[in-house]
Amino acid sequence: MNEKRIHKPRPVSGFPEWLPEVRMVELAWFDHIRRIFESYGFCNIETPSVEELDVLHAKGEDVDKEIYVIERLHKEDGDKEARLALHFDQTVPLARYTAQHFNELTFPFKRYQMQRVWRGERPQAGRFREFYQCDIDVIAVDNLPLHFDAEMPAIMWEVLSSLPGMGGEKIQIRISNRKILMGFLEGLAIPRPDGTTIPLSADLKAEIVRDIDKLEKLGKKTVLQRIDGTGSRAGIGFGLDGIILPFIELCETAYRSADELEIALTNSRDINTGNSTLKEGIEELSFVMDQLKHLPGGAVVADLSIVRGLDYYTGTVYETVFTGDPGYGSICSGGRYDDLAGSYINKHLPGVGISIGFSRLFDRLRQQGKLPVGAKSPADILMVLPADDRRAEASETARILRERGFNVELYHSAAKIKKQMEYAGKKSIPYVWFPPFEDGQPHEVKNMQTGEQQKADAQTWRRS
RNA sequence: GCGACUGUAGCUCAGUGGUAGAGCCCUCGGUUGUGGUCCGAGUUGUCGCGGGUUCGAUCCCCGUCAGUCGCCCCA
């Protein structure tokens with residue numbers, strides 16, 4: 001008895017896969033992105049899907065619950081192996097890679113990377129557990145010029161605005177500088193009678209940062225209430241119209257230029273511009289905005305509420321949203337990190353990078369039917385097989401056409417012509433080629449879209 | 001990790017305490033060498049899984065798993 005057991009196929013949520021016609025568009029996207037990255041001189045690398053868990057950990061415990069650990073099913077108790085884990089981004093592997101090959105790399109090291117990453121999260125619209133990111137980063141030794149901070153979003157704007165299907169999408173790159181917020185929080189230190197101050201605790205700062213990050217979603221009033229609430233719990237009364245208010249109001253607006261930002265800052269004298277970190281942040285942000293003047297209006301804005309989650313960012317930060325639906329989440333983010341590889345090598349390696357959330361972006365356009373999804377096959381021509389004894393000629397004709405650069409599929413059996421045509425139609429192969437059915441007859445090609453059919457020669461034929 | 005909702009054919013979904021349905025898809029046919037339309041015929045299910053109530057459960061109850069959405073967090 002051989003009872004056949006069928007394991008019902010079920011997609012694993014958060015691990016997307018596409019039909020051939022969609023995959024073809026996905027590949028076209030990768031080609032497109034790759035071409036633009038390379039046009040700026042970025043070279044490609046690929047790192048393994050797994051890293052040692054300790055390497056991933058070096059960047060903070062925050063990401064812990066996101067990490068997929070990988071292990072053998074039949075592990076013996078005594079086995080001692082380094083714990084391996086799937087990488088959750090491409091920045092940490094890049095840091096490890098840069099440290100490891102430090103002596104063989106030329107700096108500034110400009111590389112792009114387009115790989116899958118994994119995060120153990122609850123899947124949702126636009127949120128996957130396995131997805132592609134397309135990163136560009138520049139890493140320098142000791143000193144990385146600030147104009148790279150402007151080049152990153154400029155390149156991404158070029159990519160995003162020109163991807164097939166993105167024509168009608170309104171997107172916006174939002175930029176801030178972490179030093180501004182950090183400097184502001186430093187300025188919130190509580191004065192003591194003897195003239196010294198008590199800085200806010202790291203936890204408290206983190207909480208305030210999180211609330212400010214939600215400004216667009218929750219609104220000014222709610223955010224102020226939350227910050228005042230957390231302050232009270234820590235024994236500090238910020239109040240609803242105290243020092244926090246003017247800063248939140250600065251965060252509320254998106255500034256289209258360095259000038260707009262300057263004006264807003266000048267008009268808001270209440271915030272502590274005496275703080276050197278804050279000042280530095282504003283100068284850097286102004287510089288970056290100034291460098292991006294050439295982009296269309298509103299493409300890039302300064303938005304002080306942008307902070308980014310990953311804690312290694314130390315300066316410029318980027319986030320990109322659909323203007324009409326910012327709640328969908330960022331489709332392209334990144335930032336500057338002063339010392340990325342410090343955990344792996346005794347060198348000072350500042351970097352700046354930005355990453356397309358490829359799958360998030362792609363799936364959105366796919367679901368909205370905005371992708372140019374077409375043929376189910378890359379073939380240009382279906383070669384009809386008129387009869388088994390004519391296979392050699394059909395095959396030879398296909399070979400000639402392939403040599404001339406066409407993609408040609410030879411039909412697999414001498415089925416009825418109706419059947420072979422149907423097949424070409426279903427796979428949307430644009431041309432059907434009829435080799436002679438009898439000796440001495442000419443070849444013919446049918447354009448499946450127009451229905452037009454003509455005599456043809458494999459050596460000279462061109463698509464109509 | 002927390003909360004709400006959902007789980008019937010490959011897909012989208014109807015349905016009833018008493019032997020399971022539609023549309024789409026798929027397969028074949030409508031003769032001789034030509035697709036998309038039309039017409040005809042046909043295949044398709046442990047009604048998510050486990051337990052309980054009942055003479056009898058796909059339907060009622062409990063549990064469990066999976067999915068969707070929201071929160072957290074993020075691309």
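The structure presented is a predicted model; accordingly, all values stated were derived computationally and were not measured. Numbered from 1 within each chain, the chains take letters A, B, ... in sequence-line order.
Distance noted for atom P between B/U12 and B/U37: 22 Å (whole Å). Taking the P atoms as reference points, B/A9 lies 15 Å from B/G15, given to the whole Å. When the P atom is used for both B/G18 and B/C59, the distance is 11 Å, rounded to whole Å. Annotation: B/A57 and B/A14 have their P atoms spaced 25 Å apart (nearest Å). Separating the C1' atom of B/A66 from that of B/C25 is a span of 25 Å, rounded to the nearest Å. B/U19 sits 27 Å from B/C24 when the C1' atoms are compared, rounded to a whole Å. Comparing the P positions of B/U43 and B/A4 gives a spacing of 45 Å, expressed to the nearest Å. For B/C74 and B/C13, the C1' atoms lie 34 Å apart once the distance is rounded to whole Å.
You'll find that the side chain of A/Met448 is closest to B/G35, out of B/G67, B/C74, B/G35. Set against B/C72, B/C73, B/U68, the side chain of A/Gln124 has B/C72 as its closest nucleotide. Which of B/C26, B/U34, B/C72 sits closest to the side chain of A/Ile417 comes down to B/U34. Side-chain proximity of A/Glu444 to the nucleotides B/C73, B/C2, B/G33 is greatest for B/G33. Here B/C73 is the nucleotide among B/G33, B/C28, B/C73 with the atom lying nearest to any side-chain atom of A/Arg127. Closest to the side chain of A/Lys416, out of B/G29, B/G33, B/C72, is B/G29. Nearest nucleotide to the side chain of A/Arg210, out of B/U34, B/C73, B/C26: B/C73.
Contact annotation for A/Phe128: base contact, defined as any heavy-atom pair under 4.0 Å involving a base atom. The residue A/Glu422 sits close only to the backbone: its heavy atoms come under 4.0 Å of sugar-phosphate atoms, none of a base. Using a 4.0 Å heavy-atom criterion, one finds that A/Tyr423 contacts no nucleic acid atom at all. Residue A/Arg122 is classed as a base contact, given a heavy-atom separation below 4.0 Å to a base. Base engagement by A/Gln441 is indicated by at least one non-hydrogen atom pair under 4.0 Å involving a base atom. Among the atoms of the strands shown, only primed sugar atoms or phosphate atoms (P, OP1, OP2) are found under 4.0 Å from some heavy atom of A/Gln133.
Across A/Pro436 and A/Pro386, no two heavy atoms sit closer than the pair O-CG, 4.0 Å.
In terms of phosphate contacts, A/Ser333 brings no side-chain nitrogen or oxygen within less than 4.0 Å of OP1 or OP2 of B/C74. For B/C71, one of the phosphate oxygens OP1 or OP2 lies less than 4.0 angstrom from a side-chain nitrogen or oxygen of A/Lys217. Between B/U34 and A/Gln420, no contact under 4.0 Å exists linking OP1 or OP2 to a side-chain N or O. One finds no side-chain N or O of A/Lys418 lying less than 4.0 angstrom from the OP1 or OP2 phosphate oxygen of B/U31.
Atom pair A/Arg119:CZ and B/G1:C1' shows a separation of 18 Å (rounding to whole Å applied).
Stacking is found between A/Phe437 and the pyrimidine-like six-membered ring of the B/G33 base under the 5.5 Å centre-distance and 30° plane-angle cut-offs.
Between A/Tyr313 and A/Tyr337, the ring planes lie tilted relative to each other; the angle falls in the 30° to 60° range. Classified by interplanar angle (parallel below 30°, tilted 30° to 60°, perpendicular above 60°), the ring pair A/Phe42/A/Phe37 is tilted. Taking the six-membered ring where tryptophan is involved, the planes of A/Tyr68 and A/Phe15 are tilted, since the angle between them lies from 30° to 60°. A/Trp461 and A/Trp433 have perpendicular rings, their planes meeting at more than 60° on a 0 to 90° scale where under 30° would count as parallel.
Searching all strands for a Watson-Crick or G-U wobble partner of B/C2 with both distances below 3.5 Å returns B/G70. Across all strands shown, B/U44 remains unpaired; no Watson-Crick or G-U wobble contact has both distances below 3.5 Å. Base pairing annotation: B/C11 forms a Watson-Crick or G-U wobble pair with B/G23, both donor-acceptor distances under 3.5 Å. The pairing partner recorded for B/C60 is B/G52, the criterion being a Watson-Crick or G-U wobble arrangement whose two distances lie under 3.5 angstrom. Base pairing of B/C38: its partner is B/G30, meeting the Watson-Crick or G-U wobble criterion (both donor-acceptor distances under 3.5 Å).
Residue A/Phe434 is the one, among A/Phe434 and A/Phe131, whose nearest nucleotide of RNA chain B lies closer to the 5' end (criterion: closest heavy atom).
There is a side-chain donor-acceptor pair under 3.5 Å between A/Glu158 and A/Tyr40.
Applying side-chain hydrogen bond (donor to acceptor under 3.5 Å, both in side chains) to A/Gln113 and the options A/Asp135, A/Thr47, A/Asn44 leaves one that passes, A/Thr47.
If you check distances only, the side chain of A/Gln453 does reach the base of B/U34 with a donor-acceptor pair under 3.5 Å.
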Original post:
Given A/Val307 and A/Ser176, is the side-chain contact (heavy atoms from CB on, under 4.5 Å) satisfied, shown in steps?
Top reply: CA-CA 7 Å; A/Val307 283; A/Ser176 186; over 6 Å; no
